[in-house]
Number of protein chains: 2
Amino acid sequence: MPAYDDCREKLIDTYDAMSPQLQRAARYMLDHPDDVALKSMRALATAAGVTPSTLVRLMKTIGIASYQECRLGYQNRLRDMPASYTGRARQLQHRSTARHISDEDKDDSKIDARSTETTLIAEILHQELGNLARSFGPEMCTAMQDACKLIGNARRVFVLGRRGAFPAAFQFAYAYRFFADNLTLVDGAAGTFGDQLRGMGRRDVLLAVGLSPYSNDSLQVLDYVLAQNATVISVTDSDVSPLARHASINLMVADASPSFFQSFTAAVAVMQALVAILVSRGGETALQQIARAEKQLSAFETYWRDASPKRNIKS
Amino acid sequence: MPAYDDCREKLIDTYDAMSPQLQRAARYMLDHPDDVALKSMRALATAAGVTPSTLVRLMKTIGIASYQECRLGYQNRLRDMPASYTGRARQLQHRSTARHISDEDKDDSKIDARSTETTLIAEILHQELGNLARSFGPEMCTAMQDACKLIGNARRVFVLGRRGAFPAAFQFAYAYRFFADNLTLVDGAAGTFGDQLRGMGRRDVLLAVGLSPYSNDSLQVLDYVLAQNATVISVTDSDVSPLARHASINLMVADASPSFFQSFTAAVAVMQALVAILVSRGGETALQQIARAEKQLSAFETYWRDASPKRNIKS
DNA sequence: CAGAAATAAAAACAAATGTTTCATTATGAG
DNA sequence: CTCATAATGAAACATTTGTTTTTATTTCTG
């Protein structure tokens, strides 16, 4: 329950009023937050030159129920998940349960349903935040840049996403076409599945999106594309996913969800990020092409009025 | 002794030769390195859907003395990693500029590009997290539940999303059809735009997704649908968006992005959440229908093998 | 200095952890 | 089918864990 910052703050505030040994323990905790998260209490005590009891007392004096609880906060800090956002989800949950208790329960079942649904929503948010954070970790950071390099050098770019993964593929294709015209969205519409890949070769790149369960369609395409010696970039959920096995670069996205369905939120976010990076690399040229595309759209009166505020175009 | 990368490499290399259970364990370790570092072996085993024994066997098969030893590697990885991602990005940046100064600068521009891109990615993540958190606020929580009530009572459900909003609409349609068959995805394929809305009436619901700039297509559909006295649920970016003006319920999603393109991440997440709520309301019936759909898919051999671990079906 | 109060270390304890062992279940070759 | 072998989960094991209790030590007031 208590976040890392809470513990830290309490430690600092109470520090002056502490006994020497407590101070020593507190000081070590403040100076070595990683150890708190990773080591055991006994190990930490030894490292701090203190007995385990002192740590327990320390928790008592700063008003935290137990050491374990405190450590959870420290562990979350190390996790890829920003604690501040997680707090929001938890807050949602609390509020609903609080309301549930205080209300005169005219209709238990209804209130219960509402409250469990709120919990569900909070849980979804929580997972999605985690998915995002994990999917934008440092490894991904470099992987995405490498992927963009490949895409940037490609003769033609093919994007593949079947079934649930289609939105992510479409998203990329739609945005990408604003500034380049060498992209094919492999959607296999009207059974033209193989046709779209025709003429693919060594200098082409396939960007394949697919989470478990992997559709056979995608794997077939992958086999074919590999046989043509084209480069493959996979966006999938594991290093050992069938999509990732033969890919030059694997962009791993998290898809945790409390629902029966995997979440494609992170996949979409990563695809969007790829576009953003590509645009930023494209420089002035890309921006000009985007401007041209927008002019064309407005000629077709695609968009509503002009009331829509212009978006910022960065880099 | 063994570093994180060693373990990871061994896990991937040996993966194919593993038994199903070992694969499941290996896969979870690969996909959730943080858990390995922070959780206990038993907890990790449970999370991976495996018995503790399997983990210790896994270590044996990949040639690592003990689980404890392996975990040390994972813990060290976490230590080397700066706490918060934004901090992480910043440090990355610093490191690269530091290197840039110390190194014989063969290629200034390249290193600089890397670092600004890292900043861009960090910025994207930051914004996306904010988008999600804002889009799952308390107001949205009740709004989503109300929306689901309308959808649940609808005779037919129509989903609309043009251009950039199409992925979100598709996502919902795809998942929704797993447990109900009264949905039409209004995609206007091959110019059949109006046709799909034919026969729409008072008891029908339109779920319309659209962020600024709003496509005229969508607004046309909206006008028509309103004229038929159907109910409208909008997923858009503002309470005063043209989509929201005449909607019974407006689900407001944030779409901030450092790129030239709005972000549809939160929109997708909200659509997925709607599905999750609907399933949770559908209860046993919905689950049965999902099971039936999955059986049908496996009859068509849509998915790869059976090696994909079964997903948990909650609620 | 005496002695109460605060502080620290040591010991004790139940709960958990990592690991091993063993019985049971699948799998495949002959 | 039969048997040998691999794979798997349940139980047992000794350790280690977080915490509590007890005992010893220090500190400081009167």
Side-chain angles (χ1 to χ4, degrees), chain A residues 1-2 7 10-11 14-29 32-76 240, chain B residues 1-2 7 11 14-29 32-76 78 305-310 312:
Chain A
M1 181 76 87
C7 296
K10 284 179 184 173
L11 281 175
T14 329
Y15 188 82
D16 290 320
M18 290 180 192
S19 73
Q21 288 293 97
L22 287 187
Q23 283 193 349
R24 200 204 283 221
R27 163 123 205 200
Y28 192 89
M29 285 184 66
H32 305 86
D34 288 357
D35 284 9
V36 178
L38 296 172
K39 288 187 173 179
S40 78
M41 185 177 99
R42 286 176 133 98
L44 189 81
T46 316
V50 153
T51 52
S53 329
T54 312
L55 283 180
V56 171
R57 261 186 310 245
L58 179 61
M59 293 302 105
K60 285 256 157 73
T61 51
I62 67 172
I64 287 180
S66 73
Y67 177 78
Q68 304 229 65
E69 214 176 297
C70 168
R71 193 164 69 163
L72 278 180
Y74 276 73
Q75 291 191 338
N76 284 334
V240 291
Chain B
M1 181 81 91
C7 296
L11 282 174
T14 328
Y15 188 80
D16 289 318
M18 291 180 191
S19 73
Q21 287 296 99
L22 287 187
Q23 283 193 349
R24 201 203 280 223
R27 169 146 189 175
Y28 192 90
M29 286 185 67
H32 305 86
D34 288 354
D35 284 8
V36 179
L38 295 171
K39 286 187 175 180
S40 78
M41 185 178 96
R42 285 178 134 98
L44 188 81
T46 314
V50 152
T51 49
S53 327
T54 311
L55 280 182
V56 79
R57 262 190 294 259
L58 178 63
M59 293 302 106
K60 285 255 157 72
T61 52
I62 67 172
I64 288 180
S66 73
Y67 177 78
Q68 304 227 62
E69 212 177 300
C70 168
R71 194 164 68 164
L72 280 180
Y74 276 74
Q75 293 191 340
N76 285 333
L78 228 47
R305 281 211 218 173
D306 221 350
S308 61
K310 292 277 179 293
N312 288 348

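Naming convention: chains lettered A, B, ... in sequence-line order (proteins, then strands); numbering from 1 in each chain.
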Visitor: How long is the line joining CD of Gln21(B) and P of dA26(C), in whole Å?
Guide: 12 Å
Visitor: I need the CG-P distance between Leu38(A) and dT16(D), as an integer number of Å.
Guide: 19 Å
Visitor: OP1 or OP2 of dT20(C) less than 4.0 angstrom from a side-chain nitrogen or oxygen of Lys60(B), does that happen here?
Guide: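 For dT20(C), OP1 or OP2 has a side-chain N or O of Lys60(B) closer than 4.0 Å.
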Visitor: Looking only at non-hydrogen atoms, find the nearest pair between Ala47(B) and Lys39(B) and report the distance.
Guide: CB-NZ, 3.8 Å
Visitor: Check whether any side-chain heavy atom of Val36(B) sits under 4.5 Å from a side-chain heavy atom of Leu44(B), and report yes or no.
Guide: yes
Visitor: Does the side chain of Arg71(B) get closer than 4.0 angstrom to OP1 or OP2 of dG18(C) through an N or O atom?
Guide: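 Yes, because at least one side-chain N or O of Arg71(B) sits under 4.0 Å from OP1 or OP2 of dG18(C).
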Visitor: Which heavy atom in Cys7(B) sits nearest to a heavy atom in Ile64(B), and how many Å separate them?
Guide: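 That would be SG-CD1, 3.5 Å.
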Visitor: Closer than 4.0 Å, any side-chain N/O of Gln68(B) to the OP1 or OP2 of dT17(C)?
Guide: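 No, no such contact exists.
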Visitor: Could you check how far CG of Leu58(B) sits from P of dT20(C), rounded to whole Å?
Guide: 14 Å
Visitor: Does dA6(D) have its OP1 or OP2 closer than 4.0 Å to a side-chain nitrogen or oxygen of Ser19(B)?
Guide: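 No.
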Visitor: Between Arg42(A) and Val50(A), who's closer to the 5' end of DNA chain C by nearest nucleotide?
Guide: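 Its nucleotide being nearer the 5' end, the pick is Val50(A).
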Visitor: Could you tell me how far apart Leu55(B) (CG) and dT8(D) (P) are, to the nearest whole angstrom?
Guide: 13 Å
Visitor: Between Ser53(B) and dA10(D), is there a side-chain N or O to OP1/OP2 distance below 4.0 Å?
Guide: no
Visitor: Lys39(B) NZ to dG18(C) P: how many Å, rounded?
Guide: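 Spelled out: NZ on Lys39(B) to P on dG18(C) is 13 Å.
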Visitor: Under 4.0 Å between a side-chain N or O of Thr54(A) and OP1 or OP2 of dT7(C)?
Guide: no
Visitor: How many whole angstroms separate atom CG of Leu22(A) from atom P of dA6(C)?
Guide: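 The answer, rounded to whole Å, is 14 Å.
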Visitor: Once you round it to whole Å, what is the distance between P of dG18(C) and CD of Gln75(B)?
Guide: 10 Å
Visitor: Between Cys70(A) and Met29(A), is there a side-chain heavy-atom distance shorter than 4.5 Å?
Guide: yes
Visitor: So, do Leu58(A) and Thr14(A) sit near enough that their side-chain heavy atoms are less than 4.5 Å apart?
Guide: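 Leu58(A) does not reach Thr14(A) side chain to side chain.
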Visitor: Does the base of dA7(D) carry an N or O that pairs as donor and acceptor with the side chain of Arg57(B) under 3.5 Å?
Guide: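 A donor-acceptor contact between them is absent.
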Visitor: By the 4.0 Å heavy-atom rule, please label Ser40(B) as base, sugar-phosphate, or nothing.
Guide: sugar-phosphate
Visitor: Mind calculating the distance between OH (Tyr67(A)) and C1' (dG18(D)) to the nearest angstrom?
Guide: 10 Å
